[in-house]
Visitor: 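I'd like to ask you about the structure that follows.
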Amino acid sequence: MRHSIHSPSLISIEDLHKSFPMGDGRIPALRGVSATINRGDYVAVMGRSGSGKSTLMNILGCLDTPTAGRYALDGRSVGDLTDDEQAFIRNRMIGFVFQAFNLLPRMDALHNVELPLLYRGMDSRERRWRSMEAMEAVGVSDRARHRPNEMSGGQRQRVAIARALVGEPSIILADEPTGNLDSGTGEEIMAIFDRLNQEGHTIVLVTHEAHVARHCRRIIRLRDGVIEEDRPIV
Amino acid sequence: MYRNCLAVFLRNLLRQRGYSAINVLGLAIGLASCILILLYVQDELSYDQHHENKDRIYRIVVSDTAEGRTDEWARTPSAWGPVLMEEYPEIELFTRWKPPNTSWLIGYGEKRYEEKHFIFADSTVFDIFTIPLVQGNPETALTKPHTVVVSETMATMIFGNENPMGKVISVDEIYMFTVTGIMRGMPKNSHFHADFLASFSTLAASGLYDEPTTIQNSDRTLYTYLMIKEGYAPEDLEDKLSQFPVRHLGERLETLGMEIIPYLQPLTDIHLHSNLKLEIKANSNIQYVYIFTSVAVFMLLIACVNFMNLSTARSAGRAREVGIRKVLGVRRVQLAVQFIGESVIYSFIALAVALVLVHLILPEFSRFSGKELEMDYDSTWLMPALLAITLCTGIVAGGYPAFVLSSFRPVAVLSGVLKAGVPQSHFRKALITFQFVASIIMIVGTVVILAQLEYMRNKKLGFDKEHVVVVRLPDNEAVQGYPAFKDKVLQYPEVVNLSTTTSVPGRLTATSFIQPEGYIVEDTPLIPTIWTGFDFVETMGIDITSGRSFSREVASDDYSVLVNETAARTFGWEDPIGKEFKYTHTPDYPPMHVVGVMADFHYHSLHQRIEPLLILFWEGGNTMVVRLSSQSLARGLEILQDQWRESYPNHPAMESYFLDQDLERKYAAEQRLGSVFIAGTVLSILIACLGLLGLASYMAEQRIREIGVRKAVGATISNVILLFSKDFTRLILIAFVLGVPISYYIMQGWLGDFPYRIEMSWGVFIFTGLAALLITWLTVGYHALKAATTNPADALRSE
Ligand SMILES: Nc1ncnc2c1ncn2[C@@H]1O[C@H](COP(=O)(O)OP(=O)(O)OP(=O)(O)O)[C@@H](O)[C@H]1O
Ligand SMILES: [Mg+2]
């Protein structure tokens, strides 16, 4: 892995395009998106359904590759990494939180949280220790031995956040983390993100709801695959 | 309702083409193997079944015990038949069957034919056996001396378009036979075969044989068949028969310390249950029928297991259909019938494919099995058997999936609870483990059989079996001409050495009453003996460990003996040289002395332990062994044939064979077994792989989301592949632990029959385990790789 050059912008994307094959042709989801995200940023990505939010987040999280454009994460160009190098980046630098939680149903919470550390080859005692810390940080350490279907939605999302946090990533990406939760529970989850940001974590999240976006300090609004608005929240 | 089911079935069949193809192909291969093996087994079981009186026909076999050694003979002394007939009213008829020792030269006009299937039989042969005559009267055909009944094929060959009846043929140029009947060709599935049936009375009339007036035991020239009167139990007759030898030979038996017991062997048992000395031809073994049948059932089971596996795996996908039908009020039984019906349809499609496969393979399979097998759809058994097997396969294969599918509760299904957990995955794992166990047993079996075969072929026999030609000296004249012939051929460097003998390795030895020094008459064992001329030991490459072989320089060598080490050990001789032998029943014959000891060599096939063996000197043996130079085998054989034609113009065709090829034939049964196992292993692994492939693709589909999550948190491609193979690998390990002891036990049992055998080493099992792992990984690998390289974003989006 190339050594990172320290720069204030953690993420820099330039003229990103992404299109999907559809029937005979392709439909564009992103049509030239450029932005920089700095360390410590707390960004809300908004926009109508189908505007390309998830597509953008997947590319930022190295879950998908752009059709064209440049993406540099912490100074490294992500475009020309091999599959295994991308896996390495997902493992070390990115914590992803999904709307649908995506916990593995046959494992208890602790094992779900441990998963990223498992792929670092960390020994099991340290894995467990760190996972418990991460679960404590989001307040679900008492559910460590429960399986996902034995927990509420809010608890599941906390476990998912703990999983995103446990590897101490450079950035946390969350695609509609409160989308499947009632508003009260959603607020609790946002409080966790607020605290994490205050502690120095860089966070980018997607939301449809203004009151969720209001927790952030910057808003990027997409429309039909291009940035319509990118402004700080005061 | 069922019309709708059919539509659903067809839709599924087409939509899931890959899955349907795997299912059908797996079943088809299983069915095809099963059908082929069935044909083989049916043929084996059909031997001698065509005789109308088969349930009343018995062959008399004789067991004699002396010196703690029991021999069982397929032949009886010649006088037994008539005497038994006189003494036991239960016997309706008997016939004796005298096969030729060698072949005869049949002549008609200018034409000459070598004929091996020339048999002398009592005229009752047509009353006992079902041998239909096309021409002639079975009642009278063989009553007079010098009459013969000829098979249709031979008759056409010899007489062409002439009417054979009443024509005269010559046998060995001296005996004349009148054709009194034409018989239909004997079916192949018969323990005997004759192209010529000559009247038994000819033998006495032409001085070939004296009808003995007393019962004795020493001549074992012919087979005696009895037909028991209706209503009599063979067991009772057999009981009475045990007294027969004592009554007639009591005194003699007592002096010799021998016991002779006759048995009744049912005609239909001969082919599969009889392996006695002097059989008409080498019979089969019921053991192999069992083994082959098990292999067939095994393969069908593996195919069924595949089907069950794939169907239950897919069942989750059909849960919604079940839910809706149940909500509509369809009863569970009806659903089960629907699903079983589907699998029965599948198996009939598979049957069609299987029949095509069978027709493609059958010619090759027939050649390999040495049988003329055919798919005779008109026969009474084939169609019903096919239908029954296919139906059973369908029901067995569909039964479990039907049970699982029809048990889904509609609420659970429709609310989506079922979707998350894959039902009955434990049962499926058990099924896969079963397949692995089966495959491991098959692989171990194949490796062990092939290794044993290789061992038997290459084991040092104690003599050099290669480059030796065995030639029959057809008559006395030929025997007398031998010394001159020997001098002539030895001029050529291609001919290394030659000798005459009464027998060669792989063929029967005589046992003679010869009394070794230190033994009294009563204790004298029967010792296998052959009589050879000079140079036998040298020609065969047998080692002499002490003393010397026969020598022209020593005049007294007419009365010399060679013993093998086992014989020396059996008689307890430290230094055998100079020890004396006498003929037990010929006190006037000069005593013979041991001049040399031979290193033990395998006179018989490796199925038998090395026995004591004597070589006595006699130049009159009717078999010649010739060692040719290894450099110019073909040229050597040519020289022999040329010289033969010159020396024996009466017998222009030299009858010969290569010793090593003849010995090789002793292992035909093992070779065939090996081939069946290779084929069975390849096919069962193929079927199992088809199942694995289907299951792996299903698993990849089921776990796509999980794989997406794992990749999202940093799993690499190799992590995912490992995850995928881990499950299968664990199953293989379980199967390995189960399969090793089972296959060890089975193969140890098989090896136990061989006195000279390989040791099963760990290597066999390690090889098997690695092979199973490798095959599985390759099979599962494709889907694992595909799953591992999907984009996590795509994986997570899928519902
Ligand atoms: N795998 C795919 N194949 C084809 N089209 C896709 C795929 N993924 C996204 N799209 C299309 O790309 C466009 C953007 O989709 P995206 O999921 O990014 O929208 P979104 O802003 O996240 O919407 P939502 O708020 O509903 O989640 C849509 O028109 C969508 O149909
Ligand atoms: Mg989205």
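Each chain gets a letter, A, B and so on, in the order its sequence line appears, and its residues count up from 1.
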Visitor: Counting only heavy atoms not in A:Arg48 (residues, nucleotides, ligands), do more than 12 fall under 6.0 Å from its CZ?
Guide: no
Visitor: Compare every heavy atom of B:Val713 with every heavy atom of A:Asn91, then report the nearest pair and how far apart it is.
Guide: ND2-O, 2.7 Å
Visitor: Roughly how far, to the nearest 0.5 Å, is the CG atom of A:Asp83 from the OG1 atom of B:Thr716?
Guide: 9.0 Å
Visitor: How close do A:Ala87 and B:Ala715 get, counting heavy atoms only, and between which atoms?
Guide: CB-O, 3.7 Å
Visitor: Considering only heavy atoms, which portion of A:Asn102 lies under 4.5 Å from any heavy atom of chain B: side chain, backbone, both, or neither?
Guide: both
Visitor: Looking only at heavy atoms, which two atoms of A:Tyr119 and B:Gly714 are closest? And how far apart?
Guide: CB-O, 3.9 Å
Visitor: CZ of B:Phe767: more than 12 outside heavy atoms within 6.0 angstrom?
Guide: no
Visitor: Chain B heavy atoms under 4.5 Å from A:Arg163: which part of the residue, side chain, backbone, both or neither?
Guide: side chain
Visitor: Could you check whether atom CZ of B:Arg331 has more than 12 heavy atoms from other residues, nucleotides or ligands sitting under 6.0 Å from it?
Guide: no
Visitor: Mind checking the CG-CG spacing from B:Leu796 to A:Asn58? Nearest 0.5 Å is all I need.
Guide: 8.0 Å
Visitor: I need the A:Arg90 CZ to B:Arg710 CZ distance, nearest 0.5 Å.
Guide: 14.0 Å
Visitor: Is it true that, when you exclude B:Phe403 itself, more than 12 heavy atoms of the residues, nucleotides or ligands shown sit nearer than 6.0 Å to its CZ?
Guide: no
Visitor: Let me know if A:Met57 has heavy atoms under 4.5 Å from chain B in its side chain, its backbone, both or neither.
Guide: neither
Visitor: Please classify the contact of A:Ala164 with chain B as side chain, backbone, both or neither, using a heavy-atom distance under 4.5 Å.
Guide: neither
Visitor: Pull out the residues in residues 120-132 of chain A that come under 4.5 Å of chain B, heavy atom to heavy atom, sorted by number.
Guide: none
Visitor: Between A:Asp64 and chain B, with a heavy-atom cut-off of 4.5 Å, which part of the residue counts as in contact: side chain, backbone, both or neither?
Guide: both
